[in-house]
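So you know, we letter chains A, B, ... as the sequences are listed, proteins then strands, and number each from 1. Just so you know, these numbers come straight off a predicted model, no measurement behind them.
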Amino acid sequence: MVIGSARTPRLVISLKQRSFTFYYWVHSFNFAAHELFDKSPQRDEIHRFSSFCDINSSFQNSLCSGFVNYDNDQQGNESTISELAKQGHFQEALKSFHSLHDLGIKPTKFTFCTVLNSCSKLLDLCLGLQIHARIIQIGYEDNLFINSALVGLYSKCDMMVDARNVFYRMRNHDQVSWTSIITGFAQNGHGKEALVLFKEMLETSIRPDCFTFTSVISACTQSEAALEEAALLHVHVIKLGFEQNSSVISSLVDCYSKCGKIDRAISVFNSTLEKDTILVNTMIAGYSQNLLGEEALRLFTKMRKDGLCPTDYTFGSVLNACGSLTILQQGRQIHSLLTKTGSDRNVFVASSLIDMYSKCGTIDEARKIFDQTIQRNNVLWTSMITGYAQSGRGEDALELFENLVREGLKPDRICFTAVLTACNHGGFLDKGIEYLNKMKTYFGLVPELDQFACMVDLYGRNGHLRKARELMEEMPFEPNAVIWTSFLGSCRVHREVELGREAAKQLLKLEPNSPAPYVTLANIYADAGMWEEVKEVRKMMKEKGMRKSGGWSWVEIEQKFHVFSVNDTSHPQMQEIYAELYKLYFEMREAGYTHKRKYV
DNA sequence: ATAGGGTTAG
């Protein structure tokens, strides 16, 4: 017997739309069918049902064939299933389940749990749905363990409506079922829902454990008030004594890193005694996301010295660090290291390699990786397009984009940002306008701030400053500092004093401590021979205590401070450098500079 | 005996 081996996309989609109704329908149908089947062989009814559902009919037959008494083999069969699943042989466990079913044996609750778990590991929704129907038919639908497993299955398959339905239909809940539903929302990008459910859970008598905290902390990374939520949860974690649990700490470190609070992430990480691979991976990723590439590499080296084996996750982050530090030598070494374990076939690693090579200026090597990679997704293509765009090879970037479309992949917003960047660097104004329109009409995407920023830049660079200004007015977002900076730069190139003055004013509102707008404005005045105004700008800079140009910017100071603050002090000049940085760092904090997130 | 957790790329 074959249960749901055919997983056609069409079936999955149609099941996705109405699965909950579907299995209740199966439920009532099966009881009706059961009777029919016993009295007269009205197989036609059953077959009609089967073809409607697109599911293998022999299963439907056996579903409706009623219960058979326990077999002597049952004990043996069922322990085989659980053994196989325990060892991670999920496919084999399911096969074994099939044969159990063929023998007409009614599985126990325990077996259903194991089998549902195997389905969720294999993402076999189709089989899972049929098993759910069978569970209802047998009358196990009130079992706590089975329901938790069902919640887990639907969550893994991104069917949160069904997961939630199962959850709320349960008569009673425990830690596991609450954690399952919270995890489901967290993992499918509904962090807000996960937090709401967590608060709901706190109102019951069931207490969260370290599994719950792990999930809910990872959920709050997606929240707007992430830092506040995380800090609150952190307090609970300490109070409840979970602060040495590796998973809890990993999600905390990740959350703090993504909020830009790298110092807090570091201190949490350092106070953990036993560090496993995932925790170290999280810290390395945190360093590289916060542009602390040297620290990321240092931890990577230490990890290998400590005997922890790097994984694909590790390589992704470490290559990212190499890219932002533009250290080709190290990048190549890591590349050859990961080739030995076959990690270069991983699409995440391949994207990082492409990114690293293009940032290091070896775009042809990046292309080699791209061509070698078999499993190509959207991100991989975008990495390569971005690489070409930033290397000034606009034509190649656009050609690649056309290939992407020809291959039937659907570009997303980030991909269009890459394409528009290519147009900017190549000076293709008309093409840029064309692609923006295509994005809206042909691909049904709504442009966001990043794409508008590209367009403002494109118009500005090509001297259409009025048009750029109009776009900034028309777009449904407030222009951010990036846009004003680009616009101000274009004003300088095209000697637009009035527009430049306004841009500088707006920019200073957004970034009152940045000297850059003053400098550019002074240059604009100087180009126009307006020496009085130049003097005035310089005076304003002096009054505000601006740092002279040529020194480090606040961002650089913050970066360097963190690099050195966690360094050892064995280097002879370290104390001196550290003292200087420390002074600058506090000066910066007093000036009101706060860290900005990477992708805002 | 059976169910739940953390990390990666553009």
Side-chain angles (χ1 to χ4, degrees), chain A residues 75 78-79 81-83 85-86 107-118 120 140 143-153 155-156 173-184 186-187 208-219 221 242 245-255 257-258 276-286 288-289 310-321 323 343 346-356 358-359 373 377-387 389-390 411-418 421 599:
Chain A
Q75 213 70 48
E78 302 213 75
S79 61
I81 295 173
S82 83
E83 252 337 285
K86 238 179 239 162
T108 63
K109 294 164 190 146
F110 306 110
T111 303
F112 273 119
C113 277
T114 310
V115 172
L116 283 172
N117 187 26
S118 302
S120 79
Y140 284 162
N143 181 279
L144 180 65
F145 281 65
I146 286 181
N147 279 322
S148 291
L150 279 169
V151 171
L153 169 73
S155 297
K156 280 270 167 0
H173 299 113
D174 64 350
Q175 283 182 327
V176 177
S177 52
W178 272 109
T179 306
S180 298
I181 191 81
I182 290 172
T183 306
Q187 287 177 343
D209 61 5
C210 54
F211 285 83
T212 326
F213 274 103
T214 305
S215 280
V216 86
I217 293 167
S218 84
T221 309
F242 300 142
N245 179 291
S246 218
S247 300
V248 174
I249 295 307
S250 293
S251 47
L252 261 177
V253 167
D254 183 53
C255 192
S257 303
K258 293 206 168 111
D276 67 9
T277 308
I278 297 184
L279 178 53
V280 176
N281 282 350
T282 312
M283 194 64 244
I284 293 177
S288 102
Q289 285 157 359
T311 66
D312 294 349
Y313 285 82
T314 328
F315 291 129
S317 306
V318 164
L319 287 168
N320 196 319
S343 283
N346 177 295
V347 69
F348 283 81
V349 175
S351 298
S352 304
L353 278 170
I354 291 173
D355 187 52
M356 186 273 293
S358 33
K359 282 200 180 116
T373 310
N377 65 7
N378 236 327
V379 180
L380 193 88
W381 283 85
T382 310
S383 308
M384 197 60 234
I385 295 171
T386 308
Q390 288 171 349
D412 63 4
R413 287 197 194 95
I414 301 176
C415 191
F416 272 101
T417 306
T421 309
Y599 299 108

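Among B:dG6, B:dA3, B:dG10, the nucleotide with an atom closest to any side-chain atom of A:Asn117 is B:dA3. Distances were taken from every side-chain heavy atom of A:Ser317 (C-beta onward) to each of B:dT2, B:dT8, B:dT7; the shortest belongs to B:dT8. Between B:dG10, B:dG4, B:dT2, one nucleotide has an atom nearer to the side chain of A:Cys415 than all others, and that is B:dG10. Distances from the side chain of A:Val379 to the nucleotides B:dG10, B:dT2, B:dG4 place B:dG10 closest.
Atom CG of A:Asn346 is separated from atom C1' of B:dT7 by 13 Å (rounded to the nearest Å). In this structure, OH of A:Tyr140 is placed 16 Å from P of B:dT2, rounded to the nearest angstrom. Atom OH of A:Tyr313 and atom C1' of B:dA9 are 12 Å apart (whole Å).
Put simply, the side chain of A:Asn377 and the base of B:dA9 share a donor and an acceptor less than 3.5 Å apart. The base of B:dG6 has none of its N or O atoms less than 3.5 Å from a complementary donor or acceptor on the side chain of A:Asn245. Taking only distance into account, the side chain of A:Ser383 never meets the base of B:dG10 through a donor-acceptor pair shorter than 3.5 Å.
Within the 4.0 angstrom heavy-atom criterion, no nucleotide atom of any strand lies near A:Ser82.
For A:Phe112, the ring pair (Phe, Tyr, Trp, His ring centres under 6.0 Å) test picks out A:Tyr140, with sequence neighbours left out. Looking at residues two or more places apart in sequence or on another chain, you find a side chain to side chain donor-acceptor pair (under 3.5 Å) between A:Asp209 and A:Thr212.
A donor-acceptor contact under 3.5 angstrom links the side chains of A:Thr314 and A:Thr311, judged on distance only. For the residue pair A:Ser247/A:Thr214, the side-chain donor-acceptor check at 3.5 Å is not satisfied.
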